[in-house]
Amino acid sequence: MKFFIDTANLDQIREAQELSVLDGVTTNPSLMAKEGITGRNNILKHYVDICNIVDGDVSAEVIATDVEGMIKEGEELADLHDQIVVKVPMIRNGVKALKYFSDNGIRTNCTLVFSVGQALLAAKAGATYVSPFMGRLDDISTDGLNLIAEIRHIYDNYAFDTQILAASVRHTMHIIDCAKIGADVMTGPLSSIEGLLKHPLTDIGLEKFLADYNKGN
Ligand code: G3P
């Protein structure tokens, strides 16, 4: 299972990278704005800065919603760095752009996916990753995890290559549940990854081991 961090905050990206289990980064325009990164040139530079911190894939989102605009922007983004994956929204024109990118060797992440039908279309169009937003479904009292499970089932039926990137992960249990289902990737905040580390018995056990060791020294 790949671990991506879902942020545009360089300090958090560095921290996750240093933990040595990071496989990539996802961002979106809202996450960029949260870090005060605005304006096309600043945003493009920020993508390159992120690529220079991490070893893996970095999703960079197109803003255009027409096919030609998405293709132009996506090609510019892909040219920025070989770690860039072009993030394309699940809309009619997005499906067409996904197919173009797939036919032209540009890797993609189909974003804003909320149904199995959308995920099926993304796979048919050749998306590299599909991003079902589980947290936002949970927010509206719909089972986000069930969507991941249904997509897994359908993709396995047909051996689609598209990787399921569980997105809008909010906490540690989301990661564990996605791992049980077999999501290929998860993207979440640093806190959700760090939550995997924690167990009170580990802390108590270590404290005792160190105290006992020190008795003899
Ligand atoms: O990866 C998708 C993500 O950025 C959305 O997360 O927490 O805003 O629903 P959230």
Side-chain angles (χ1 to χ4, degrees), residues 1-13 15-17 21-38 43 46-47 49-51 53-54 56-63 65 70 73-74 77 83-91 94 98 107-116 118-119 121-123 127-152 162-179 181 183-196:
M1 186 187 201
K2 292 189 211 168
F3 279 14
F4 288 179
I5 187 170
D6 194 30
T7 184
N9 181 292
L10 298 184
D11 289 337
Q12 291 191 11
I13 293 169
E15 206 167 327
Q17 173 69 21
V21 294
L22 191 69
D23 300 296
V25 177
T26 51
T27 59
N28 61 43
S30 305
L31 291 171
M32 284 285 185
K34 192 172 161 196
E35 299 306 319
I37 313 295
T38 54
I43 290 173
H46 205 71
Y47 286 137
D49 290 344
I50 294 172
C51 289
I53 295 173
V54 303
D57 292 346
V58 175
S59 290
E61 190 150 344
V62 298
I63 303 303
T65 53
M70 285 181 175
E73 255 187 75
L77 290 168
Q83 285 167 241
I84 293 284
V85 173
V86 178
K87 210 169 176 188
V88 177
M90 173 34 79
I91 55 176
L98 286 170
R107 294 177 310 137
T108 53
N109 174 358
C110 180
T111 189
L112 290 168
V113 166
F114 293 94
S115 76
V116 280
Q118 291 177 326
L121 271 180
T128 312
Y129 296 103
V130 65
S131 286
F133 278 30
M134 59 186 304
R136 291 194 191 182
L137 282 171
D138 289 355
D139 288 345
I140 58 160
S141 306
T142 303
D143 188 348
L145 193 61
N146 185 53
L147 174 60
I148 308 286
E150 289 188 340
I151 297 172
R152 177 77 285 154
T162 302
Q163 296 177 53
I164 302 172
L165 196 173
S168 186
V169 158
R170 300 278 174 75
H171 50 73
T172 304
M173 274 313 294
H174 269 159
I175 301 179
I176 292 167
D177 288 337
C178 284
I181 284 171
D184 300 290
V185 192
M186 78 82 202
T187 191
L190 181 60
S191 60
S192 67
I193 298 172
E194 289 180 335
L196 295 166

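As the structure lists them, so they are numbered: ligands from 1, and atoms in each ligand from 1.
With hydrogens left out, the protein atom closest to atom 8 (O) of ligand 1 is Arg136 NH2, 2.8 Å, a heavy atom. In terms of protein heavy-atom proximity, atom 2 (C) of ligand 1 is nearest to Phe133 CZ, 3.4 Å. When only non-hydrogen protein atoms are considered, atom 7 (O) of ligand 1 lies nearest to Arg170 NE, 2.9 Å. For atom 6 (O) of ligand 1, the nearest non-hydrogen atom of the protein is Ser168 CA, 3.5 Å. Considering only non-hydrogen protein atoms, atom 1 (O) of ligand 1 sits nearest to Asp6 OD2, 3.2 Å.
Between Tyr129 and Asp57, some side-chain heavy-atom pair lies under the 4.5 Å cut-off. Ser115 has its side chain out of reach of Met90: every pair of non-hydrogen atoms, C-beta onward, lies at least 4.5 Å apart.
Ion pair Arg170/Asp138 not flagged as a salt bridge, since none of the NZ, NE, NH1 or NH2 atoms sits closer than 4.0 Å to an Asp/Glu carboxylate oxygen.
Of all non-hydrogen atoms in Ile181 and Arg152, the two that sit nearest each other are O-CG, 3.5 Å.
At distances below 3.5 Å, at least one donor-acceptor pair connects side-chain atoms of Thr108 with backbone N or O atoms of Thr128.
Of the polar atoms of Asn28, at least one N or O is found under 3.5 Å from an N or O of ligand 1, judged by distance alone.
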Practice problem: Determine, stepwise, if the pair Asn9 / Glu35 fulfils side chain to side chain donor-acceptor pair (under 3.5 Å). | Solution: CA-CA 6 Å; Asn9 181 292; Glu35 299 306 319; 3.1 Å; yes
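Those atoms of ligand 1 with a heavy atom of Ala167 less than 4.0 angstrom away are 1 (O), 2 (C). Counting atoms of ligand 1 from 1 in the listed order, those under 4.0 Å from a heavy atom of Thr187 are 1 (O).
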